[in-house]
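See structure below.
Convention: sequence-line order gives letters A, B, ...; per-chain numbering from 1. Keep in mind that this is a model prediction, so the values were computed, not measured. Atom set for the values below is all heavy atoms of this structure, side chains included, hydrogens, waters and symmetry mates excluded.
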There are 2 protein chains.
Amino acid sequence: MPRVSESHRAARREQILAAGRRCFTRNGFHATSMQDVIAEAGLSIGAVYRYFGSKQELVTAIAEDVIGGADGVLAGLAREHPDTGLAEVLEHALEFVDAESGPDGALRVAVQVWAEAMRDESLAAFVKDVYSRFRGHFVGFARRAVASGELPPDADPEAVASVLFGLLPGYALQRILTGGPDRATFLAGVRSLIGLQLR
Amino acid sequence: MPRVSESHRAARREQILAAGRRCFTRNGFHATSMQDVIAEAGLSIGAVYRYFGSKQELVTAIAEDVIGGADGVLAGLAREHPDTGLAEVLEHALEFVDAESGPDGALRVAVQVWAEAMRDESLAAFVKDVYSRFRGHFVGFARRAVASGELPPDADPEAVASVLFGLLPGYALQRILTGGPDRATFLAGVRSLIGLQLR
DNA sequence: CTATAAAAAACGAGCGTTCGCTTTAAGGAG
DNA sequence: CTCCTTAAAGCGAACGCTCGTTTTTTATAG
């Protein structure tokens with residue numbers, strides 16, 4: 001099919017990305033062959049290579065999608081609830097973690113990306129960039145918490161943000177690796193320790 | 001060299017394990033070939049295959065070593081300081097994280113293991129087992145904190161433990177992926193949020 | 001001598017990728 | 001509308017290579 005519409009091309013690209021993501025979720029980047037992705041997409045070798053010049057390109061696209069997606073969610077949270085307290089923000093963030101913790105969730109790919117970032121410098125740079133911005137959202141939340149009196153005036157927003165940010169992978173890994181505590185229990189633990197007013 | 005001493009055999013095994021660990025730290029499990037490990041160990045194919053029947057066997061041995069090692073450290077902490085408060089325990093644990101965060105540290109392999117556990121059921125079972133025990137140590141610390149009044153009487157030790165446990169990978173990932181906050185800053189954030197008396 | 005650790009050659013399978021062929025939709029000429 | 005040209009989309013056999021592993025050979029400690 002030549003001279004195909006732009007929307008057709010975009011759809012094909014999405015089809016390949018979705019197939020790759022399913023494969024990588026199931027089996028990781030390295031144990032998934034291009035044949036696997038190609039079969040999952042129901043396309044031919046040539047078709048896939050027209051859209052992604054190499055396996056690395058496909059891996060990178062999916063990795064950036066997954067990592068960037070998480071940042072997008074928190075950015076959305078910051079935009080939609082500009083006056084929310086730390087407690088509620090944390091709860092929304094953990095809801096997002098739960099939603100992506102299933103066998104098809106993005107977190108399984110995220111763990112693969114973390115591992116891949118150990119050996120791929122450019123991917124590491126991307127992750128560092130996105131996660132720094134991600135943590136930046138929490139700095140904003142923490143500043144407002146200091147201003148509103150939710151946190152003591154001498155609290156360092158950067159320091160608080162790094163703890164709140166850290167709670168997310170901490171919770172996510174427990175869910176994925178150990179089956180972990182449910183969100184309510186984890187939040188109860190945070191409440192006991194922190195004394196934030198969680199609803 | 002036939003009929004070699006037991007200590008010789010143990011040393012050779014360690015030599016291979018150490019070489020494998022360096023390779024896997026540098027390049028991950030899948031991007032490291034047996035040839036890489038063999039060259040790093042300075043041995044021959046036959047020698048390595050005498051000690052480990054397959055690559056999977058070597059990977060499993062190293063993965064279990066790394067994951068089990070972390071649990072051993074916390075178990076040692078629990079044993080040596082049976083009356084330590086939560087704050088000091090957390091500080092010791094973060095010190096351990098820092099010590100293993102470097103380019104040759106165990107954490108880089110730990111991330112690989114997490115990723116591998118996404119696709120290897122038996123490794124996943126092992127990690128779940130060890131990390132559940134790991135969290136169990138924190139439950140013990142939390143119980144003592146409730147008893148000593150460091151935590152309010154209605155605090156759920158299981159819930160508190162899951163948060164404290166979660167802080168470790170949360171801090172570790174920030175250090176590894178973003179360069180993250182230093183330990184003092186992170187602890188300051190914990191102090192602001194939690195109000196534990198950290199020295 | 002003998003048993004076996006170590007070395008090394010060799011193997012088949014499967015990898016990512018290339019490349020030339022075929023198919024098909026778009027667009028202009030009549 | 002119909003036909004033809006054209007260029008891109010799609011295809012899949014084949015390639016070179018590297019993988020993990022097996023098998024064979026060599027060397028030597030006991």
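- Put simply, CG on A/L43 is 11 Å from C1' on D/dA9, counting in whole angstrom units.
- Residue A/I38 contributes atom CD1, which lies 8 Å from atom P of C/dG16 at whole-angstrom precision.
- Counting to the nearest Å, the P atom of D/dT21 and the CD1 atom of B/I45 are 12 Å from each other.
- Distance check: A/M34 CE to A/I45 CD1 gives 9.0 Å after rounding to the nearest 0.5 Å.
- Atom pair A/H8:NE2 and D/dA8:C1' shows a separation of 11 Å (rounding to whole Å applied).
- B/F52 has its side chain within reach of B/L17: a pair of non-hydrogen atoms, C-beta onward, lies under 4.5 Å apart.
- For D/dA9, the OP1/OP2 oxygens have a side-chain nitrogen or oxygen of A/R50 closer than 4.0 Å.
- Taking side-chain N and O atoms only, B/S33 has a distance below 4.0 Å to OP1 or OP2 of D/dC19.
- The shortest distance between the side-chain N/O atoms of B/S44 and the OP1/OP2 oxygens of C/dA6 is not below 4.0 Å.
- The neighbour count for A/E158 CD, taken as heavy atoms of other residues, nucleotides or ligands under 6.0 Å away, does not exceed 12.
- Here the P atom of nucleotide D/dC17 and the CD atom of B/Q35 are 16 Å apart, to the nearest Å.
- Mapping B/G46 and B/K55 onto DNA chain D by nearest heavy atom places B/K55 closer to the 5' end of the strand.
- What separates CG of A/L58 from C1' of C/dC15 is a distance of 16 Å, to the nearest Å.
- Here A/R12 does not reach the OP1 or OP2 of D/dA9: none of its side-chain N or O atoms lies under 4.0 Å away.
- The separation between A/Q56 atom CD and C/dT17 atom P is 9 Å, rounded to whole Å.
- Within a 6.0 Å sphere centred on CD of A/E40, heavy atoms belonging to other residues, nucleotides or ligands number more than 12.
- Checking each of B/L86, B/V190, B/L187 against B/E91 for a side-chain contact (heavy atoms from CB on, under 4.5 Å) leaves exactly one that passes, namely B/L187.
- Put simply, A/Y51 has a side-chain N or O that comes within less than 4.0 Å of OP1 or OP2 on D/dG10.
- Going from atom CG of B/D36 over to atom P of D/dG20 covers 8 Å, rounded to whole Å.
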